[in-house]
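What follows is a short report on a single structure.
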Amino acid sequence: MKQEYGSLLKEIKQRIDPHIKILVGFSGGVDSTVLLQGLVRLRDEFQLPLELTAIYIHHGLNIKADDWLTHCEQCCQQWQVNFISEKVRVDPKDGGLENGAREARYQAFRRNLQPQQVLVTAQHQDDQAETFLLALKRGSGPSGLSSMPAKMVFEHSYLLRPLLNITREEIESYATEQGLTWIEDDSNQDDSYDRNFLRLRVMPLLTQRWPHFSQSVTRSAALCGEQEALLDELLEPELNALMDREHSLDIKQLALCSVIKRNALLRRWFAQHNKIMPSRQQILRLWQEVALAKADAEPKLQFYQDEVRRYKQRLYLVPMIDDPVNKIIEWPLTQSLSLPSGLGVLSLTTATGKNTVRAPSKDEKVTVRFGLTQASLRIVGREHARHSKKIWQELDIAPWRRTRIPLIYYNDTLIAAINTFVTFEGKATSEYAITIEWQEAH
């Protein structure tokens, strides 16, 4: 390794290797500016074949956000880095404003991460110490205290944090030495935010007393992470045995476990869904209010943008959506149709299958609807008409799924519930048939 790399560039190179396609979270602040410029130097000065894309997330929380977007775009033009931006809506009900902004940001990262691409973010050693103390304040166990790993599974790829062993002081010294310009977010001086309070008031005192405090905290976080990794390894076979193809959990088998083991399995279930780790109180509520609810109830409990539901003695983690019931969408069949509420895309395919139906006549208008209101139905494969509720039950369709399945109508006649059933009125003939494909969003 050439000396000119410096310790910071060495660290970045070591942490990203062997990945080439990189999506960089770029806010324009000093941390992400140093990270992006370091990657550019590795690409240009040291000929690493990196394919860099920077993404700016516009939270809409600061009146200067548009100017910051422009600054980031200009930096990327100067450094010849692909640039994308996305405006997000922050819901303060998602565990407060700070956590809501983080959740919105990472959802945007998930939407924009491309195949074979890794996400790289600029958290550093001082951020790690702050995260550890925030977890301590919340009363977190080893999982929360393990804070931020340098590499973790994210969506279909990985999230890398190459600067976790680099201090804020080292980052700022590098930025000054390189003559970089960056954004100073005035909200970082507002100590009403927990993280800012730690950064502005607590960490300077701790570092003054114990200069290597951040380094020690990082080591403690890593040790907690090792303990969690060991538990993951030991519990993975049992968790897999509890889950089915839809990743739902068997309540009866969970009930046989000790409380400690059950809670550990439930936390790892959330982790497998790439969700925020629930608190101890949330786990308790999940078990008492959902798993142990009355047999005839349809219980649910909200976790940020998801709900835990129970169906046939199994637990499901279900994304919350805007209810599409009562929506009527015309579909000319000449092109694919994007469904509302992020439910996926409908298109025609040449293959035959369970969604093969008769083609509409010229005077029949094709529409897509949601929420079955028809009382009595005759479906292919059933001899007699049945009430729609009975059909859903016989086909083992969970209640929340029933309003999310696209229904195909010709004029006002129900033809099919996609991936579920075809009505007698929609039964295909050998001469005039079409097949509909539903690419569900995941």
Item to complete: Could you tell me which non-hydrogen atom of Gly426 sits nearest to which non-hydrogen atom of Ile415, and how far apart they are?
Response: CA-CG2, 3.5 Å

Fill in: Rounded distance (nearest 0.5 Å) linking atom CG of Leu113 with atom OG1 of Thr53
10.0 Å

Worksheet entry | Separation between NZ of Lys21 and OG of Ser157, rounded to the nearest 0.5 Å | 11.0 Å

Worksheet item: Would a 4.5 Å heavy-atom cut-off, applied to side chains only, mark Leu348 and Glu437 as touching?
Response: no

Worksheet item: Has the side chain of Gln125 got a donor or acceptor atom that lies under 3.5 Å from a matching backbone atom of Leu163?
Response: no

Worksheet item: Please walk me through it: do Ser32 and Ser27 pass side-chain hydrogen bond (donor to acceptor under 3.5 Å, both in side chains)?
Response: CA-CA 6 Å; Ser32 61; Ser27 68; 3.3 Å; yes

Worksheet item: Any idea how Phe421 and Trp392 line up, ring-wise: parallel (<30°), tilted (30 to 60°), or perpendicular (>60°)?
Response: tilted

Response to the item:
Tested for salt bridge (charged side-chain N to carboxylate O under 4.0 Å, His left out) against Arg199, the lone hit among Asp191, Asp127, Asp194 is Asp127

Worksheet entry | His58-Asp66 side chain donor-acceptor pair, cut-off 3.5 Å | yes

Worksheet item: Any side-chain heavy-atom pair from Val345 and Leu339 closer than 4.5 angstrom?
Response: no

Practice prompt. In plain terms, say whether Arg15 and Glu11 are close enough for a salt bridge, that is, a side-chain N and a carboxylate O under 4.0 Å apart.
Written response: yes

Item to complete: Determine yes or no for a side-chain-to-main-chain donor-acceptor pair under 3.5 angstrom, with Arg310 supplying the side chain and Ala293 the backbone.
Response: yes

Discussion item. Please determine whether the number of non-hydrogen atoms from other residues, nucleotides or ligands lying under 6.0 Å from atom CZ of Arg195 exceeds 12.
Written reply: yes

Worksheet item: Just wondering, do Glu289 and Leu284 contact through their side chains at under 4.5 Å, heavy atoms?
Response: no

Discussion item. Please tell me whether Gln107 and Glu103 have a donor and an acceptor in their side chains that are separated by less than 3.5 angstrom.
Written reply: yes

Practice prompt. Give a yes or no on whether a salt bridge exists between Arg267 and Asp232, defined as a side-chain N under 4.0 angstrom from a carboxylate O.
Written response: no

Response to the item:
Test side chain to side chain donor-acceptor pair (under 3.5 Å), reference Glu238, set Gln253, Arg268, Lys261, output is Lys261

Worksheet, complete the sentence: In this structure, CE of Met320 is separated from CG of Asp306 (nearest 0.5 Å) by 8.5 Å

Worksheet item: After noting the C-alpha distance and the side-chain angles of Glu364 and Ser361, does the key distance pass the side-chain hydrogen bond (donor to acceptor under 3.5 Å, both in side chains) rule?
Response: CA-CA 5 Å; Glu364 288 181 315; Ser361 62; 3.3 Å; yes

Practice prompt. Measure from the side-chain N and O atoms of Asn355 to the backbone N and O of Ile436, and report whether any donor-acceptor pair falls under 3.5 Å.
Written response: yes

Item to complete: Using atom types as modelled and distance alone, determine if a side-chain donor or acceptor of Asn411 lies under 3.5 Å from a backbone N or O of Lys365.
Response: yes

Worksheet item: Closest approach of Gln128 and Val217, non-hydrogen atoms and distance?
Response: O-CG1, 4.4 Å

Worksheet item: Can you tell if the side chain of Arg309 reaches within under 4.5 Å of the side chain of Leu317, non-hydrogen atoms only?
Response: no

Fill in: Verdict with reasoning, Glu86 to Arg105, per salt bridge (charged side-chain N to carboxylate O under 4.0 Å, His left out)
CA-CA 9 Å; Glu86 181 171 329; Arg105 182 165 59 252; over 6 Å; no

Discussion item. For the backbone of Arg161 and the side chain of Thr121, can you confirm whether one donor and one acceptor N or O come within less than 3.5 Å of each other?
Written reply: no

Fill in: Val40 vs Asp44 side-chain heavy atoms within contact, under 4.5 Å
yes

Worksheet item: Are the side chain of Trp269 and the backbone of His247 linked by a donor-acceptor contact shorter than 3.5 Å?
Response: yes

Discussion item. What's the separation between atom CZ in Phe370 and atom CD1 in Ile328, rounded to the nearest 0.5 Å?
Written reply: 11.5 Å

Practice prompt. Measure from the ring center of Phe270 to the ring center of Phe303 and say whether it is less than 6.0 Å.
Written response: yes

Discussion item. Distance alone, cut at 3.5 Å: any donor-acceptor contact between the side chains of Arg378 and His384?
Written reply: no

Fill in: Atom CG of Asp322 with >12 non-hydrogen neighbours under 6.0 angstrom
no

Worksheet entry | Distance in Å, Leu315 CG paired with Ser248 OG, rounded so as to fall on 0.5 Å steps | 8.0 Å

Fill in: Glu236 side chain reached by Asn240 side chain, heavy atoms, under 4.5 Å
yes

Worksheet item: Does some side-chain heavy atom of Trp400 sit less than 4.5 Å from a side-chain heavy atom of Glu307?
Response: no

Item to complete: State whether Tyr432 and Arg358 meet the cation-pi test: NZ (Lys) or CZ (Arg) under 6.0 Å from the six-membered ring centroid, and within 45° of the perpendicular axis.
Response: no

Practice prompt. For the residue pair Thr218 and Phe132, establish whether any side-chain heavy-atom pair is separated by less than 4.5 Å.
Written response: no

Worksheet item: How many angstroms lie between CG in Leu42 and CD1 in Ile22, if you round to the nearest 0.5 Å?
Response: 8.5 Å

Discussion item. Within a 6.0 Å radius of atom CG on Asp363, are there more than 12 heavy atoms belonging to other residues, nucleotides or ligands?
Written reply: yes

Worksheet entry | For Tyr311 against Pro399, the heavy-atom pair lying closest together | CD1-CD, 3.5 Å

Discussion item. Looking at Asp244 and Glu246, would you say the former's side chain and the latter's main chain have a donor-acceptor pair under 3.5 Å?
Written reply: yes

Response to the item:
For Pro360 and Leu333 the tightest heavy-atom approach is CG-CD1, 3.8 Å

Discussion item. Using modelled atom types and a 3.5 Å cut-off, is there a donor and acceptor pairing between side-chain atoms of Asp17 and backbone atoms of Lys13?
Written reply: no

Worksheet item: For residues Gln313 and Asp250, is any side-chain donor paired with an opposing acceptor at under 3.5 Å?
Response: no

Discussion item. Treating Trp331 as the side-chain partner and Leu346 as the backbone partner, does any N or O pair qualify as donor plus acceptor under 3.5 Å?
Written reply: no

Item to complete: Take the angle between the ring planes of Tyr158 and His19 and call it parallel below 30°, perpendicular above 60°, tilted in between.
Response: tilted

Worksheet entry | Leu256 atom CG: more than 12 heavy-atom contacts under 6.0 Å | yes

Discussion item. I need the minimum non-hydrogen distance between Leu372 and Ser388, along with the two atoms involved.
Written reply: CD2-CB, 3.5 Å

Worksheet entry | Stepwise side-chain hydrogen bond (donor to acceptor under 3.5 Å, both in side chains) check, Ser140 with Arg280 | CA-CA 8 Å; Ser140 299; Arg280 185 177 183 181; over 6 Å; no

Worksheet item: What's the shortest heavy-atom distance between Tyr106 and Leu159, and which atoms?
Response: CE2-CD2, 3.9 Å

Item to complete: Please answer whether the main-chain N or O of Gln114 pairs with a side-chain N or O of Gln117 as donor and acceptor at a distance below 3.5 Å.
Response: yes

